[in-house]
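Accompanying notes for the structure given below.
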Amino acid sequence: MSKNLFTERYSPMYFNTGRLVTKDELETLFEAARWAASSYNEQPWHFIYAGRDQLEQFNALLSVLNEYNQGWASSASVLLVAVAAENLQQTGKPNGYALYDTGQAVAQMVLQASMMGLQGHQMGGFDKEKARKELNIPEGYQPVAAIAIGEPAPLKEIPQEFAERANEKRQRKPLSDFTHQGRF
Ligand SMILES: Cc1cc2nc3c(=O)[nH]c(=O)nc-3n(C[C@H](O)[C@H](O)[C@H](O)COP(=O)(O)O)c2cc1C
């Protein structure tokens, strides 16, 4: 397949630890998320973030990840936790699309990262309750996913424990497995 935005994006297993993401780059990533579509244009997403040069905050974000994820995500240039506002601003009623919309915003962010020579690796493997406490997430907001962003490390510089996964051929189901003309 030819190079394209979607196949170029991938989840790296290690990042170049010497590469810091600049304030401008970070802003471009957030801008990509900002323009995501959302139900009622609620924009329910929030991002808690820290660069690896903001050591204390970076370590707090790192500490909520599970041990396996900490192993590779410690090399990231920026760590983030995406958080969804659970209720609609207008009515206060639950927003049934809060997670969906937050996922779309993250998807746009990681595609933007890919276009900039960076990559993002999303994680569900983190302690949501710990994140609430450590990162000061208020009631009514739900931690959704953690994200590690940086410049991917060259394959030969990936620690052995992660190299095998990094070398695996990326697989996807064929279209026929998930497309249904007319009815399921
Ligand atoms: C919501 C979500 C949660 C994920 N959780 C983890 C995780 O905890 N640890 C991990 O190493 N990868 C995690 N991943 C990365 C997936 O394993 C990865 O996206 C998938 O294998 C496809 O690979 P690709 O992103 O390189 O295309 C997660 C991805 C998503 C979207």
Side-chain angles (χ1 to χ4, degrees), residues 1-36 45 47-83 102-128 130-131 134-135 143-175 177-178:
M1 189 189 276
S2 65
K3 260 194 168 194
N4 82 36
L5 177 59
F6 305 106
T7 54
E8 286 291 298
R9 183 216 57 81
Y10 72 100
S11 301
M13 287 314 300
Y14 219 73
F15 297 95
N16 174 358
T17 54
R19 169 74 152 87
L20 293 177
V21 167
T22 65
K23 198 165 169 277
D24 279 359
E25 285 174 320
L26 198 56
E27 231 172 81
T28 305
L29 295 170
F30 288 138
E31 195 67 20
R34 178 171 174 244
W35 283 102
W45 47 78
F47 296 97
I48 301 166
Y49 68 94
R52 61 183 298 109
D53 52 339
Q54 296 157 321
L55 198 61
E56 202 177 317
Q57 296 172 346
F58 185 87
N59 284 339
L61 279 155
L62 192 63
S63 77
V64 309
L65 306 182
N66 70 25
E67 209 180 313
Y68 171 78
N69 287 335
Q70 282 189 24
W72 57 263
S74 59
S75 63
S77 301
V78 187
L79 288 174
L80 306 97
V81 169
V83 173
T102 301
Q104 288 216 77
V106 174
Q108 295 200 178
M109 183 186 285
V110 295
L111 285 170
Q112 177 65 52
S114 182
M115 289 195 288
M116 293 158 66
L118 303 169
Q119 292 288 352
H121 190 149
Q122 299 164 68
M123 291 163 270
F126 70 103
D127 184 332
K128 276 96 194 162
K130 189 170 181 189
E134 289 286 326
L135 309 175
V144 181
I147 311 143
I149 294 182
E151 184 182 271
L155 271 182
K156 58 177 183 352
E157 284 171 26
I158 299 179
Q160 205 184 346
E161 54 189 309
F162 305 117
E164 196 182 330
R165 184 170 160 200
N167 271 309
E168 275 171 14
K169 186 170 164 6
R170 293 172 63 230
Q171 305 275 6
R172 287 300 188 267
K173 295 174 183 173
L175 296 189
D177 271 24
F178 64 90

Subject >> Check: Arg52 and Leu20 side chains under 4.5 Å, non-hydrogen atoms >> reply: yes
Subject >> Nearest-0.5 Å distance that lies between atom OG in Ser75 and atom CE in Met13 >> reply: 9.0 Å
Subject >> Note, Pro159 side chain near Trp72 side chain (heavy atom, < 4.5 Å) >> reply: no
Original post:
More than 12 heavy atoms of other residues, nucleotides or ligands under 6.0 Å from OH of Tyr49: is that the case?
Top reply: no
Original post:
Does some side-chain heavy atom of His121 sit less than 4.5 Å from a side-chain heavy atom of Tyr10?
Top reply: no
Original post:
Where the side chain of Asp177 meets the backbone of Lys173, is there a donor-acceptor pair that is under 3.5 Å apart?
Top reply: no
Subject >> Residue pair Met123 / Tyr68, side-chain heavy-atom distance below 4.5 Å >> reply: no
**OP:** Go through the steps for Arg34 and Glu31 under the test salt bridge (Lys or Arg N to Asp or Glu O under 4.0 Å), then give the verdict.
**Re:** CA-CA 5 Å; Arg34 178 171 174 244; Glu31 195 67 20; 2.6 Å; yes
**OP:** Check whether any side-chain heavy atom of Asp127 lies under 4.5 Å from a side-chain heavy atom of Asn66, and answer yes or no.
**Re:** no
Subject >> OG1-CD distance between Thr22 and Glu27, expressed to the nearest 0.5 angstrom >> reply: 9.0 Å
Subject >> Exercise: identify the closest heavy-atom pair between Leu62 and Ala73 >> reply: CD1-C, 4.0 Å
Original post:
Lys130 side chain to Ser63 main-chain N or O, any donor-acceptor pair under 3.5 Å?
Top reply: yes
Original post:
Are Met115 and Leu5 side-chain neighbours, meaning at least one heavy-atom pair lies under 4.5 Å?
Top reply: yes
Original post:
Which heavy atom in Ser11 sits nearest to a heavy atom in Arg9, and how many Å separate them?
Top reply: OG-NH1, 3.8 Å
**OP:** Calculate, to the nearest 0.5 Å, the distance between atoms CZ and CG belonging to Phe15 and Leu118 respectively.
**Re:** 9.0 Å
Original post:
Which pair of heavy atoms, one from Ala148 and one from Leu79, lies closest together, and at what distance?
Top reply: CB-CD2, 3.8 Å
**OP:** Taking all non-hydrogen atoms of both residues into account, name the closest pair between Ala33 and Phe47 and its distance.
**Re:** CB-CE1, 3.9 Å
**OP:** Could you check Gln112 against Gln108 for side chain to side chain contact (heavy atoms under 4.5 Å, CB included), going step by step and ending with a plain yes or no?
**Re:** CA-CA 6 Å; Gln112 177 65 52; Gln108 295 200 178; over 6 Å; no
Original post:
Could you give the distance from NZ (Lys23) to OG1 (Thr28), rounded to the nearest 0.5 Å?
Top reply: 11.0 Å
**OP:** Quick one: pull up CG in Leu111 and CG in Leu29 and give me the separation to the nearest 0.5 Å.
**Re:** 11.0 Å
Original post:
For the side chain of Gln57 and the backbone of Gln54, is there at least one donor-acceptor N/O pair under 3.5 Å apart?
Top reply: no
Original post:
If you take all heavy atoms of Gly117 and Glu151, which pair is closest and at what distance?
Top reply: O-CG, 4.0 Å
Subject >> Beyond-backbone contact of Asp24 with Leu26, side-chain heavy atoms, under 4.5 angstrom >> reply: no
**OP:** Take Glu8 and Ser114, measure what side-chain hydrogen bond (donor to acceptor under 3.5 Å, both in side chains) needs, and give me the verdict at the end.
**Re:** CA-CA 7 Å; Glu8 286 291 298; Ser114 182; 5.8 Å; no
Subject >> Atom of Asn69, atom of Gly125 and distance for their closest heavy-atom approach >> reply: ND2-O, 2.9 Å
Subject >> Spatial distance of atom CG (Leu61) from atom CZ (Phe126) [nearest 0.5 Å] >> reply: 10.0 Å
Original post:
Where the side chain of Gln70 meets the backbone of Leu65, is there a donor-acceptor pair that is under 3.5 Å apart?
Top reply: yes
Subject >> Heavy-atom side-chain proximity of Met109 to Leu80 below 4.5 angstrom >> reply: yes
